[in-house]
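Some notes on the structure that comes next.
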Amino acid sequence: MNGRALRIGIKRGWAEHMQLLRNRRELTTTLVGTAGIFALLLLWIGDEQVKGTDVSSGMFMTSGFLAFTVFSNALMTLPMALAADREEGTLLRLRTVPGGISAYLVGRAVTLLCQIAVQSALILATGVVVGGAPLPHDWPTLLWVLLLGTVAVVPLGAAIGCLLPGPKAAGAVLGLPMMGLMVTSGVMLPVTYMPEAVQWIAQAFPLYWQGLGLRAAFLPDAMLAAEIGGSWRLPYVAAVLAAWAVAGMLLAPVLVRRVTRRESGSRLAERQLAAQSS
Amino acid sequence: MSAAVSVRGLRMKYGAAEVLRGVDLEIRRGEIFTLLGPNGAGKTTTIEILEGFRNRSAGEVSVLGTDPERGGDAWRAKLGIVLQNWRDHNKWGVREIIAHLSEFYDDPHDPDGLLAAVGLTGQAGQQVGRLSGGQRRRLDVALGIVGRPELLFLDEPTTGFDPEARQEFHLLLEKLAADDGMTVLLTTHDLVEAEKLAHRTAILTGGRITACGTPAELARAVQAQSRVRWLEDGRERTLTTDDPSRAAWELHERFGGPVPGLEIRRPSLEESYLELIGRAA
């Protein structure tokens, strides 16, 4: 990667981020879909307390939604964007340009980070204003968990995006597992509410650890009564997220290279034709 | 100066199917060259190999002095590529995407000048996804040449155009090629387009080049036989020949005067072309 591709990629990512912000439908979906549903949930059950603790559901859910925002952007929005870029020929267009693919990947990452930042701020603000959640007491932990959590899932999302046949399939294939993980990973309900087998499965995925790390930054230690092992286990948070990051970084470049190298006009046309006739 | 494109014995196999069976091509710098052939003849495969998007099975290929399979960014910067049915970057503004892609090159066209050249100044602020088909194709050309390429590839650029849009597009291409001294390789299945635009044309049928040359040379090369008809002993007689003039003269000599019902029909270039691709198929 040269400096020019990096610079153009950053500009590209910012431009696409601004296009999303200017797009009224996109903006409505984000505002209503993310902040709106969250606000309703807060109004509905935000005042209840997490069983066995004096922590309010509103506080608990704020950290949970934050974790889920990062997770779903990386593993749902990103793969769908990659698949769409492939189907519309964006990837191929950048392949015709010197340094285009590097700039494209940088651009995608920048757009994603901007989206995550905007939505995280929105969730946090909604949690504080509507749910009466306190601001995090441990900002350094909040930041490193958000960053490491992002690095853990973004390469993974890129890899998934390369494997998916198209943007529609992405929604169909990813929707259900995402919902499943959302329910079982302790970001909406404390994980100790789940049967032990489910707890073990949840702990294999990065979402649980990201949620745990964020709760450590937000919630008082009174919450520990509802956590596995009664501890924030921050070293484990760091280790598991780092392991996912490494796995993703080993996998993603191979798949991205394969997908971008294979791209050509006739292959794109074949797929477009197949998509039209199906 | 060396040729812009030089191809020797190019072969391409997909599994057991052989799509290209020994293609030879030589495209000179600064010429507009068309690769003409029916659908499925291997035009797109050929052009994708030249663009470095597909690896060949056998043969020698040199594009601007470089083997496309080993072409790096410096080589790619000298190429412009316009594909069929591009629908990318729909959410970008027209001027925005031209300016964005121009940044990848050392000496790009000025985006506003380019917009004027392809007749999209009025659409500069519009979203790419809202352009009409013809406008979209002109934008694709603008994006193809934004980096001042030495060699421009156009794959079936006027498919789906109405005659007026096609005419405008031809004028645009001729102007661009003349102004920049750019070499242009375009594929088409339309003989009239090839005849009108190209300095030279190669006909690709069944994975081989069956004829190559200027429009006049091509016409001679592919010219099908003429049909001579006349009446003799009350019956209609016909003769097919490469030299209808001589046949008529011989008939006149034989008849010692006017030949009754004499009719000579030379097939048009289009009919000749259709017969040629019919023979190969």
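The chains referred to below are lettered A, B, ... by the order of the sequence lines, with proteins before strands, and numbering in each begins at 1.
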Give the minimum heavy-atom separation between Arg93(A) and Leu101(B), together with the two atoms involved. CD-CD1, 3.8 Å

For chain A, which candidate among Gly147(B), Ala77(B), Gly52(B), Gly144(B) shows the most heavy-atom pairs at distances under 4.5 Å? Ala77(B)

Please name the pair of heavy atoms, one in Phe104(B) and one in Pro98(A), separated by the smallest distance, quoted to 0.1 Å. CD2-O, 3.2 Å

What parts of residues 109-137 of chain B touch chain A if we use heavy atoms and a cut-off under 4.5 Å? Arg136(B)

If you apply the rule side-chain contact (heavy atoms from CB on, under 4.5 Å), what do you find for Arg76(B) with Val97(A), and how did you get there? CA-CA 7 Å; Arg76(B) 190 149 291 292; Val97(A) 168; over 6 Å; no

Asn23(A), part contacting chain B, at a heavy-atom distance under 4.5 Å: side chain

Shorter than 4.5 Å, heavy atoms on both sides: which option in Leu79(B), Thr45(B), Leu143(B) has the most such pairs with chain A? Leu143(B)

Candidate pair Lys11(A) and His100(B), rule side-chain contact (heavy atoms from CB on, under 4.5 Å), full reasoning: CA-CA 9 Å; Lys11(A) 275 177 78 173; His100(B) 171 59; 5.7 Å; no

Which portion of Arg4(A) sits near chain B, non-hydrogen atoms under 4.5 angstrom: side chain

For Trp92(B), which atoms come within 4.5 Å of any heavy atom of chain A: side chain, backbone, both, or neither? both

Less than 4.5 Å to any heavy atom of chain B: does that hold for the side chain of Arg7(A), its backbone, both, or neither? side chain

Side chain, backbone, both or neither of Leu91(A) within contact of chain B (heavy atoms, under 4.5 Å): neither

